[in-house]
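In what follows, every chain begins at residue 1, and chains take the letters A, B, ... in the order their sequences are listed. Note that the coordinates shown come from a computational prediction; the quantities given were computed from them, not determined experimentally.
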Protein chains: 2
Amino acid sequence: MAVTIKDVAKLAKVAPSTVSRVIANSPRISEKTKKKVRKAMEQLGYHPNFIARSLASQYTQAIGLVMPSSTDVVFQNPFFPTVLRGLSEGAHENQYALTMTTGKTEEQIFEGVVQMVQGRRVDGVALLYSKVEDKVLTYLQDQKFPFVVIGKPFKNVEEITHVDNDNFRAAKEATEYLISLGHERIGFVGGNLNLVVTVDRLLGYEKALREAGISLANEYIIHEEFLREGGQEAVNALISLEKQPTALVVADDLMALGILNTFDEMGISVPDDMSIISFNNVLLSEMSRPPLTSVDINIFALGYEAARSLIEKIENPKEPVKRIIIPHELMIRSSCGQPKINNRIII
Amino acid sequence: MAVTIKDVAKLAKVAPSTVSRVIANSPRISEKTKKKVRKAMEQLGYHPNFIARSLASQYTQAIGLVMPSSTDVVFQNPFFPTVLRGLSEGAHENQYALTMTTGKTEEQIFEGVVQMVQGRRVDGVALLYSKVEDKVLTYLQDQKFPFVVIGKPFKNVEEITHVDNDNFRAAKEATEYLISLGHERIGFVGGNLNLVVTVDRLLGYEKALREAGISLANEYIIHEEFLREGGQEAVNALISLEKQPTALVVADDLMALGILNTFDEMGISVPDDMSIISFNNVLLSEMSRPPLTSVDINIFALGYEAARSLIEKIENPKEPVKRIIIPHELMIRSSCGQPKINNRIII
DNA sequence: TTGTACGCGTTATCAG
DNA sequence: CTGATAACGCGTACAA
């Protein structure tokens, strides 16, 4: 059996409770005994047992991460390693551990969350996605269990602490950028409409067009699952139109890659024949040909702030609901070509 | 406070220990009392407290995942979401939870592992990487703590349970494939030599050349950090050679993407002027232009089997050391062109 | 400033 | 088949 607080106490000739207080660095212990106890801990190679501590103190110093369905293509997105990194850093800085749960079906995920929460395995939960009508979210609200969502909650936005980008504005700006380049027939390719982020970006796109006096065309708006196949189908639909768009707002870098590919196979040149702007600015977006103009949403910060705000909420339950908006930034590369109007390049 | 085993006991009019046995589904409890107790649990919405259970039973039903340094570019690799998926599934099937730890520096990672292990937060640990001289690995061995590594351990291969591909053979076959296509000047671009996988693949490459009677050329072997910049520098070095290689074995898909890009910028055509074969077959390898011929190493299976074998080891400490080799498969796409000898395409 | 004693929610041992 | 009772390792009133 491992060395416990009692062993340390015995060696240091103090009571176990004293050792406990030294660990907690209680100010009511004299420096002298602290030194003595610490030396004993050192000698024995003592490490506190988190489990026992959790049971006694009723908190675990761990936060639970809920990932989207692992079968979902979204899961393959480089987005996740990056949020994880942010969450990990935010958690680490506050000495919190990370426990994650996934599942193939929604039901499995839900079960996993219930286990984490009811089993008291974690002090709080971070949802790494946001979709409409989410059972998990409702459950957490009912339980009044501390949680934060990365992305914008589908409803009750005012009551749920969340970390998000202003995706509406980001999409609006992206679209406006295309408009400023002289485009008027602009298409939108989005992912699953169940994801709130898709909706937000769609709305921003529409708003920009409306403000510019460009009428919306339903056939310019397409939704496909993220990634490769999605890209292909989207392109086919778009290309078969009589009046083809000259530019595309694509809701995700990976999907944009797929689209880029399909265009290439069809001999359609990006950006000469078609401009593309997308979102997330994952590492790959600068590795494509042409490199993608993409809206950087600062994924790392999303994770980092999520961890921080969640921990804040855990440690101070009275903390008010917060909405943290991470700034975005348009990264201009080559997929929209040089700025031009009437085919004349502007300098 | 949440509902406990005692509350259930009271309602069902039995002793707490009986409830505990019902939870464990002990065969020594009559069906009648089981029913009665279960009904009470249902009524009260009882969920067992994992923490308390862990303390009493000395096992946590959780496994710890150790990721490589989060600052490392490797971390961005789509490899990780996929192993995670495998691990998650393997763990889930056995009702194990997943706890992860990362860190910016090696020291941080090490600390995290010590916390997990000594803090008794997990029953076993999976290392999601394998590098030379790893402090973490040594520590786990010293502690005789159950663990498994994904990849091949640097040393003591016979004493460490691990899940790996036969990267030596995979690289040999990949190289042989290029040779069979008529190539003789074949370069190798690998990542960090601290990673065992890099070494294995390099050795396989060399073996294939030797067996084919092709002499090794040092200037054909390049090591760069994975990913974009690495690709560029590698290409520059290769291109400036008097006798340029006609084909490249690249140790990672992402790096191959970077290389592909650089070639494109330089006006060098893949596969016409240069063939490329790489490893891992991540989703992106089919999305590049040209789509990459890549060795599929079945990343999901790596994770899945790692979880399974780790859990096996946890639940049966006498389990012998195991080496699990996941089969690989060459996915032929377009980056090596059509098979040809002496410039004549074979059909 | 330190020690004693109890409780956290379970499992496990030992009677019965 | 079931019920007391004692751990598990630590935190914390309360007492000293």
Legend entry - All side-chain hydrogen bond (donor to acceptor under 3.5 Å, both in side chains) counterparts of B:Gln141, not counting sequence neighbours: none
Inset, instruction - Measure across A:Gly45 and A:Val3 and return the closest heavy-atom pair with its distance rounded to 0.1 Å. - result: O-CG1, 3.8 Å
Legend entry - Closest non-hydrogen atom pair, B:Leu87 against B:Ala306: CD2-CB, 4.0 Å
Legend entry - Derivation and outcome, salt bridge (Lys or Arg N to Asp or Glu O under 4.0 Å), residues B:Lys39 and B:Glu42: CA-CA 5 Å; B:Lys39 202 178 120 203; B:Glu42 192 84 23; over 6 Å; no
Please state whether the phosphate of [N], meaning OP1 or OP2, lies under 4.0 angstrom from any side-chain nitrogen or oxygen of [X].
X       : N      : answer
B:Thr33 : D:dC1  : no
B:Ser57 : C:dT11 : no
A:Gln58 : C:dG7  : no

Legend entry - Contact list for DNA chain C against residues 45-54 of chain B - heavy-atom distance below 4.0 Å: B:Tyr46, B:His47, B:Pro48, B:Asn49, B:Ala52, B:Arg53
Legend entry - Those residues of residues 91-99 of chain B lying under 4.0 Å from DNA chain C by at least one heavy atom: none
Inset, instruction - Compute the angle between the rotation axes at the two ends of the helix from C:dT1-D:dA16 to C:dG16-D:dC1, each taken over five pairs, rounded to 10 degrees. - result: 40°
Atom-pair distance ([atom1] on [X]; [atom2] on [N]), nearest Å:
X        : N      : atom1 : atom2 : result
A:Arg120 : C:dG9  : CZ    : P     : 9 Å
B:Lys35  : D:dT2  : NZ    : P     : 13 Å
A:Asn25  : D:dG11 : CG    : P     : 13 Å
B:Leu55  : D:dC10 : CG    : P     : 9 Å

Legend entry - Among A:Tyr129, A:Tyr139, A:Phe110, the one residue meeting side chain to side chain contact (heavy atoms under 4.5 Å, CB included) with A:Asp134: A:Tyr129
Inset, instruction - Could you tell me whether A:Val19 contacts a base, only the sugar-phosphate backbone, or nothing, with contacts defined as non-hydrogen atoms closer than 4.0 Å? - result: nothing
Inset, instruction - Could you check whether B:Ser26 gets within reach of a base, just the sugar-phosphate, or nothing at all, counting any heavy atom under 4.0 Å? - result: nothing
Quick one: do the [X] and [Y] side chains pair a donor with an acceptor below 3.5 Å?
X       : Y        : answer
A:Ser30 : A:Thr33  : yes
B:Ser54 : B:Thr60  : no
B:Tyr59 : B:Glu315 : no
A:Lys34 : A:Asn25  : yes

Legend entry - Within-4.5 Å side-chain heavy-atom neighbours: A:Lys313 and A:Thr161: yes
Inset, instruction - Evaluate the side-chain proximity of B:Phe145 to B:Asp123: yes if any heavy-atom separation is below 4.5 Å, no if none is. - result: no
Legend entry - Step-by-step salt bridge (Lys or Arg N to Asp or Glu O under 4.0 Å) determination, B:Glu31 to B:Lys36: CA-CA 9 Å; B:Glu31 273 309 318; B:Lys36 194 170 59 180; over 6 Å; no
Inset, instruction - Counting heavy atoms from C-beta on, name the nucleotide in C:dT10, D:dG9, C:dT1 closest to the side chain of A:Ser30. - result: C:dT1
Inset, instruction - Between D:dC10, D:dA4, C:dT11, spot the one nearest the side chain of B:Ile5, thanks. - result: C:dT11
Legend entry - Sole candidate of A:Glu106, A:Glu107, A:Glu111 that passes salt bridge (Lys or Arg N to Asp or Glu O under 4.0 Å) when paired with A:Lys135: A:Glu107
Can you give me the N/O atom pairs linking the protein to nucleotides 13-16 of chain D at distances under 3.5 Å, or say none if there are none?
residue: D:dA13; atom: N6; partner: A:Arg21; partner atom: NH1; Å: 3.4

Legend entry - For A:Glu133, all residues meeting side chain to side chain contact (heavy atoms under 4.5 Å, CB included), sequence neighbours excluded: A:Phe154, A:Lys155
